[in-house]
2 protein chains.
Amino acid sequence: MDFEPLGLATDLVILTVRDGRLQVLLIRRGIPPYQGRWALPGGFVRPDEDLETTARRELAEETGLSAERIHLEQVATYGAPDRDPRGRVVSVAYLALVPDLPAPVAGSDAASASWVDATDVLDDAGRLAFDHHRILTDGVERARAKLEYSPLATAFCPPEFTISELRGVYEAVWGLPLDPRNFHRKVTKTPDFVEPAGGTTTRDGGRPAQLFHRGAATTLHPPMTRG
Amino acid sequence: MDFEPLGLATDLVILTVRDGRLQVLLIRRGIPPYQGRWALPGGFVRPDEDLETTARRELAEETGLSAERIHLEQVATYGAPDRDPRGRVVSVAYLALVPDLPAPVAGSDAASASWVDATDVLDDAGRLAFDHHRILTDGVERARAKLEYSPLATAFCPPEFTISELRGVYEAVWGLPLDPRNFHRKVTKTPDFVEPAGGTTTRDGGRPAQLFHRGAATTLHPPMTRG
DNA sequence: CTCCTTGTTGTCATTATGACGATAAGGGGT
DNA sequence: ACCCCTTATCGTCATAATGACAACAAGGAG
């Protein structure tokens with residue numbers, strides 16, 4: 001076996017919903033190449049380290065999130081020969097969906113990590129370093145698609161949430177408003193999407209809302225419909 | 001930049017529908033490791049070669065298909081440190097969907113490439129070398145899912161096909177029977193899924209069937225439903 | 001000419017969807 | 001205490017999509 005010189009990295013599309021908007025965690029690069037530009041968090045895979053292990057380690061380092069219960073999935077691999085000016089670097093992109101918890105960018109080792117509105121970044125193809133705009137585009141599209149046929153929207157929510165909070169996730173990720181009454185009917189009638197948790201809350205104002213937690217479903221039948 | 005010793009490869013899940021069954025192209029390994037075992041076609045990425053270029057090159061080498069109009073998409077990347085006993089090899093898996101054309105395994109350079117029933121291989125987790133059973137499982141599941149919301153089933157068909165032939169693809173990939181009448185209605189009423197090509201054929205026996213070709217849609221609204 | 005095979009159109013009951021009206025039940029202000 | 005504002009939840013109704021299946025169409029084989 002002879003190996004060509006090659007670097008293997010993972011990059012992370014870390015999404016959350018804050019203030020009703022889809023946001024992505026970006027870092028400002030402190031060193032060349034692309035010094036001073038925004039980029040997705042990422043790093044090189046260590047010898048004998050599994051790809052997902054690398055991704056979880058990066059996630060913990062960048063966000064301070066203990067990472068275990070965070071949803072993390074592989075999106076795609078980017079390997080254009082010229083994608084990194086330092087040499088051949090192939091990057092495996094992962095998508096992480098995190099709830100809007102306190103301690104957002106605390107404990108991060110990247111000097112300047114911050115949450116940025118995803119739509120702003122998506123609208124400006126030149127804002128990110130490397131091919132990160134494409135990676136972000138693919139990651140966000142993956143998230144949007146998965147909300148249709150999986151109960152993954154709950155990954156953006158705390159363990160117990162209201163139907164309206166769940167609707168807020170859909171509206172933020174899809175970028176369009178949904179009818180509260182039809183949404184409520186759809187979610188509660190889709191088998192095993194959500195289960196009543198027992199209590200109620202008034203944290204969103206108005207009439208007290210029932211709390212739910214995620215159900216056992218892995219795919220939604222029938223799926224939620226976008227547009 | 002210092003690089004750890006690392007090999008980068010692509011493996012291909014090449015699927016077709018023959019005789020009403022979903023089949024996958026496998027090669028019998030002539031050299032260790034896993035000598036004599038079945039494996040997915042694949043090979044190492046050359047320096048300065050793009051990942052998809054590698055996949056298309058392998059596809060052409062193994063199948064003799066000039067490859068240009070063949071549907072090819074990336075599925076996932078597999079990088080467990082011990083997945084290859086020769087050392088650290090990370091593999092990017094691609095899915096190829098090919099029509100049931102003549103010259104099936106002609107011009108192949110792998111000594112013994114052949115079409116194998118996908119269900120047989122999926123049912124026997126120990127038949128394939130490396131982690132190729134997992135790769136195949138993921139590839140087939142990708143194909144099954146994509147038939148739901150994309151017009152990709154047409155990739156298994158010749159340029160002009162009948163609705164029944166298209167139904168045969170769905171039945172083979174999903175492994176379940178579909179009602180010919182409801183299927184016909186669904187396909188013809190889904191906007192831009194298929195367009196009438198003008199002629200008819202009796203190659204499947206019975207009443208002459210209208211020929212169609214693929215429409216302009218990239219996603220199906222509403223999607224086809226499995227089960 | 002008749003039967004056999006598959007293609008295509010239709011019918012009908014059930015279910016899902018989208019648009020909205022109406023009511024429920026807290027919290028805040030006076 | 002009361003009114004009002006906000007959000008939650010339930011219901012109604014027309015329309016669209018689905019699944020089950022009858023019936024008819026149109027070549028090919030014998």
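To find a chain, count down the sequence lines: A is the first, B the second, and so on, and within it residues start at 1. Every value quoted in this text rests on a predicted model; they were computed, and no experiment measured them.
Going from atom CG of A:L178 over to atom P of C:dG18 covers 10 Å, rounded to whole Å. Between B:D179 atom CG and C:dT9 atom P there is a gap of 15 Å when expressed in whole angstrom units. As rounded to whole Å, 21 Å separates atom C1' of C:dG28 from atom CZ of A:R203. Between the C1' atom of C:dA16 and the NZ atom of A:K186 lies a distance of 8 Å, rounded to the nearest Å. Atom C1' of nucleotide C:dT8 and atom CZ of B:R167 are separated by 12 Å, given to the nearest angstrom. As a whole-Å value, the separation of A:F183 CZ from C:dT17 P is 13 Å. To the nearest angstrom, P of C:dA24 lies 8 Å from CZ of A:R207.
Contact annotation for A:D204: backbone-only contact, meaning every heavy-atom pair under 4.0 Å involves sugar-phosphate atoms and none involves a base. Among the atoms of the strands shown, none is found under 4.0 Å from any heavy atom of A:T200. Contact annotation for A:T225: backbone-only contact, meaning every heavy-atom pair under 4.0 Å involves sugar-phosphate atoms and none involves a base. Within the 4.0 angstrom heavy-atom criterion, no nucleotide atom of any strand lies near A:T188.
Side-chain atoms of A:D100 and A:T16 form no donor-acceptor pair, as typed in the model, at a separation below 3.5 Å. Side chains of A:D204 and A:S164: no donor on one and acceptor on the other come within 3.5 Å. Between the side chains of B:D11 and B:Y78, not a single donor N or O lies within less than 3.5 Å of an accepting N or O.
Interface remark: the B:R181 side chain does not form any donor-acceptor pair with the C:dG10 base, using a distance-only criterion of under 3.5 Å.
Position along DNA chain D of the nearest nucleotide to B:R185 versus B:T202 favours B:R185 as the more 5'-ward residue. The 5' end of DNA chain C is approached more closely, in terms of each residue's nearest nucleotide, by B:G206 than by the other of B:G206 and B:F212.
Ion pairing between B:E68 and B:R56 fails under the 4.0 Å rule for side-chain N and carboxylate O.
Scanning all heavy atoms of the two residues, the minimum distance from A:T10 to A:T54 falls at OG1-CG2, 3.6 Å.
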Pairing pattern in dot-bracket form [Watson-Crick, G-U; both distances under 3.5 Å; | = partner strand] for DNA chain C
||||||||||||||||||||||||||||||

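In the displayed structure, B:R57 atom CZ is contacted under 6.0 Å by more than 12 heavy atoms of other residues, nucleotides or ligands.
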Using salt bridge (charged side-chain N to carboxylate O under 4.0 Å, His left out), reason through B:E73 and B:R142 one step at a time and then give a plain yes or no.
CA-CA 10 Å; B:E73 67 178 85; B:R142 169 73 64 91; 2.7 Å; yes

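Aromatic pair A:F183/A:Y170: ring centres closer than 6.0 Å.
Taking every nucleotide of DNA chain D with any atom under 4.0 Å from a non-hydrogen atom of chain A, the first and last of them, 5' to 3', are D:dT6 to D:dT12.
Put simply, the side chain of B:P222 reaches to within 4.5 Å of the side chain of B:K186, judged on heavy atoms.
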